[in-house]
Amino acid sequence: IDKDLAVQWFYKACESDLRVAASPRALHIFNYIIPSHIDLVSPIIKGMVKSQQDEVAMQGASQVTARWIFFGYFKKEFEKCLKGRSVLRRGVADVAAKLLKDERYSRMCQEILYQLMNDPDKDVRNELHSILNNNYLFENQEYQAFIRAYIKSQAFVDNPDLFIVRSNEVAVNLIP
């Protein structure tokens, strides 16, 4: 496989239509070509974030967040997404919630999610509910402070049933 040629073709495909870069399969491509081709794909990701198409912008914010967490790339863009319009914050929340269970990124993801638990937009807060889909949050002692903050947040108030059902399913002691 000629990786350089593949990146050039991907760049060409995205250059005229950023929806290509926002497609579900593009995630695999980004994972394959970053960090080796960050210089070439960086303008694509930055363009996605600026897109007026919500799905493209959200995927751009997701890419910015993932690359910030994994490699420290896109610091300025990440900070803008974290404070930007709702669709960008949703992309940030989605990635941070998905990566929360990975020990390598958990601390960083918690810091991001703390900032979004009381977001003024319910759609952003709804992205946090996926953190409840895994037992790691309830079974690991290091998440107790995070769980307490979540319980005190607007995200919890929006839908406390999810938390109660999940905590009941894993038979966790709620006393702490």
Peer 1: Determine the minimum heavy-atom distance between Val49 and Cys81, stating which atoms define it.
Peer 2: CG1-SG, 3.7 Å
Peer 1: Side chain of Ser42, backbone of Asp39: donor and acceptor closer than 3.5 Å?
Peer 2: no
Peer 1: Check the hydrophobic clustering (I, L, V, M, F, W, Y; side-chain heavy atoms under 4.5 Å; chains of links allowed) and say if Phe71 and Leu27 are grouped together.
Peer 2: no
Peer 1: Once the angle between the rings of Phe163 and Tyr150 is folded into 0 to 90°, is it parallel (under 30°), tilted (30 to 60°) or perpendicular (over 60°)?
Peer 2: tilted
Peer 1: Between Ile131 and Leu137, what is the shortest heavy-atom contact and its length?
Peer 2: O-CD2, 3.8 Å
Peer 1: Tell me the closest heavy-atom pair linking Lys83 and Gln115, and the distance in Å.
Peer 2: NZ-OE1, 3.7 Å
Peer 1: Under a single-linkage definition using a 4.5 Å side-chain heavy-atom cutoff for Ile, Leu, Val, Met, Phe, Trp and Tyr, are Leu162 and Val157 assigned to the same hydrophobic cluster?
Peer 2: no
Peer 1: So how far is it from Gln8 CD to Glu15 CD, rounded to the nearest 0.5 Å?
Peer 2: 11.5 Å
Peer 1: Between Lys101 and Ser106, does any side-chain donor sit less than 3.5 Å from a side-chain acceptor?
Peer 2: no
Peer 1: Quick one: closest heavy-atom pair of Val124 and Ala93, and the distance?
Peer 2: O-CB, 4.1 Å
Peer 1: Go through the steps to decide whether Leu128 and Met117 satisfy the test side chain to side chain contact (heavy atoms under 4.5 Å, CB included), and finish with yes or no.
Peer 2: CA-CA 7 Å; Leu128 275 69; Met117 287 180 181; 3.6 Å; yes
Peer 1: Atom CZ of residue position Arg19 - does it have more than 12 heavy atoms of other residues, nucleotides or ligands inside 6.0 Å?
Peer 2: no
Peer 1: Side chain of Arg89, backbone of Gly84: donor and acceptor closer than 3.5 Å?
Peer 2: yes
Peer 1: Check whether any side-chain heavy atom of Tyr11 lies under 4.5 Å from a side-chain heavy atom of His37, and answer yes or no.
Peer 2: no
Peer 1: Mark yes or no for whether Ser51, through its side chain, and Ala57, through its backbone, hold a donor-acceptor pair below 3.5 Å.
Peer 2: no
Peer 1: Scan side-chain atoms only and decide if Asn126 and His129 contain a donor-acceptor pair under the 3.5 Å cut-off.
Peer 2: yes
Peer 1: With rounding to the nearest 0.5 Å, note down the distance linking CG in Leu100 to OG in Ser130.
Peer 2: 9.0 Å
Peer 1: Which of these, Lys98, Arg90, Lys122, sits in a salt bridge (Lys or Arg N to Asp or Glu O under 4.0 Å) with Glu127?
Peer 2: Arg90
Peer 1: How many angstroms lie between atom CG of Asn31 and atom CZ of Phe70, to the nearest 0.5 angstrom?
Peer 2: 6.5 Å
Peer 1: Flag the pair Asp123 / Val87 as yes when at least one side-chain heavy-atom distance between them is below 4.5 Å, and no otherwise.
Peer 2: no
Peer 1: Show your reasoning for whether side chain to side chain contact (heavy atoms under 4.5 Å, CB included) applies to Phe74 and Lys46.
Peer 2: CA-CA 9 Å; Phe74 300 115; Lys46 290 176 182 179; 4.0 Å; yes
Peer 1: Counting C-beta onward and ignoring hydrogens, is there a side-chain heavy-atom pair between Arg25 and Ile29 closer than 4.5 Å?
Peer 2: no
Peer 1: Under a single-linkage definition using a 4.5 Å side-chain heavy-atom cutoff for Ile, Leu, Val, Met, Phe, Trp and Tyr, are Leu40 and Trp9 assigned to the same hydrophobic cluster?
Peer 2: no
Peer 1: For the CH2 atom of Trp68 and the CD atom of Gln63, what is their distance to the nearest 0.5 Å?
Peer 2: 16.0 Å
Peer 1: For Ser62 and Thr65, what are the C-alpha separation, side-chain angles and deciding distance, and is it a side chain to side chain contact (heavy atoms under 4.5 Å, CB included)?
Peer 2: CA-CA 5 Å; Ser62 293; Thr65 303; 5.8 Å; no
Peer 1: Side chains of Glu55 and Gln59: do they bring a donor and an acceptor to under 3.5 Å?
Peer 2: yes
Peer 1: For Ser23 versus Val20, what's the shortest heavy-atom pair and its separation?
Peer 2: OG-O, 2.8 Å
Peer 1: Which one of Asp119, Asp121, Asp54 satisfies the side chain to side chain donor-acceptor pair (under 3.5 Å) criterion with Ser86?
Peer 2: Asp121
Peer 1: Taking the six-membered ring for Trp and the full ring for Phe, Tyr or His, determine whether the centres of Phe78 and Tyr73 are under 6.0 Å apart.
Peer 2: no
Peer 1: Just checking Lys75: does its NZ atom have more than 12 heavy atoms from other residues, nucleotides or ligands closer to it than 6.0 angstrom?
Peer 2: no
Peer 1: Take Tyr143 and Gln110, measure what side chain to side chain contact (heavy atoms under 4.5 Å, CB included) needs, and give me the verdict at the end.
Peer 2: CA-CA 9 Å; Tyr143 291 106; Gln110 286 180 54; 3.4 Å; yes
Peer 1: Please report the closest heavy-atom contact between Phe30 and Ala21, naming both atoms and the distance.
Peer 2: CE1-O, 3.5 Å
Peer 1: Distance to the ring centre below 6.0 angstrom and angle to the axis at most 45 degrees; does that hold for Lys3 and Tyr32?
Peer 2: yes
Peer 1: To the nearest 0.5 Å, tell me how far Asn118 CG sits from Arg125 CZ.
Peer 2: 7.5 Å
Peer 1: Between atom CZ of Arg67 and atom CD1 of Ile38, what is the distance when rounded to the nearest 0.5 Å?
Peer 2: 7.5 Å
Peer 1: Going by atom types only, do Gln154 and Asp158 share a side-chain donor-acceptor pair under 3.5 Å?
Peer 2: yes
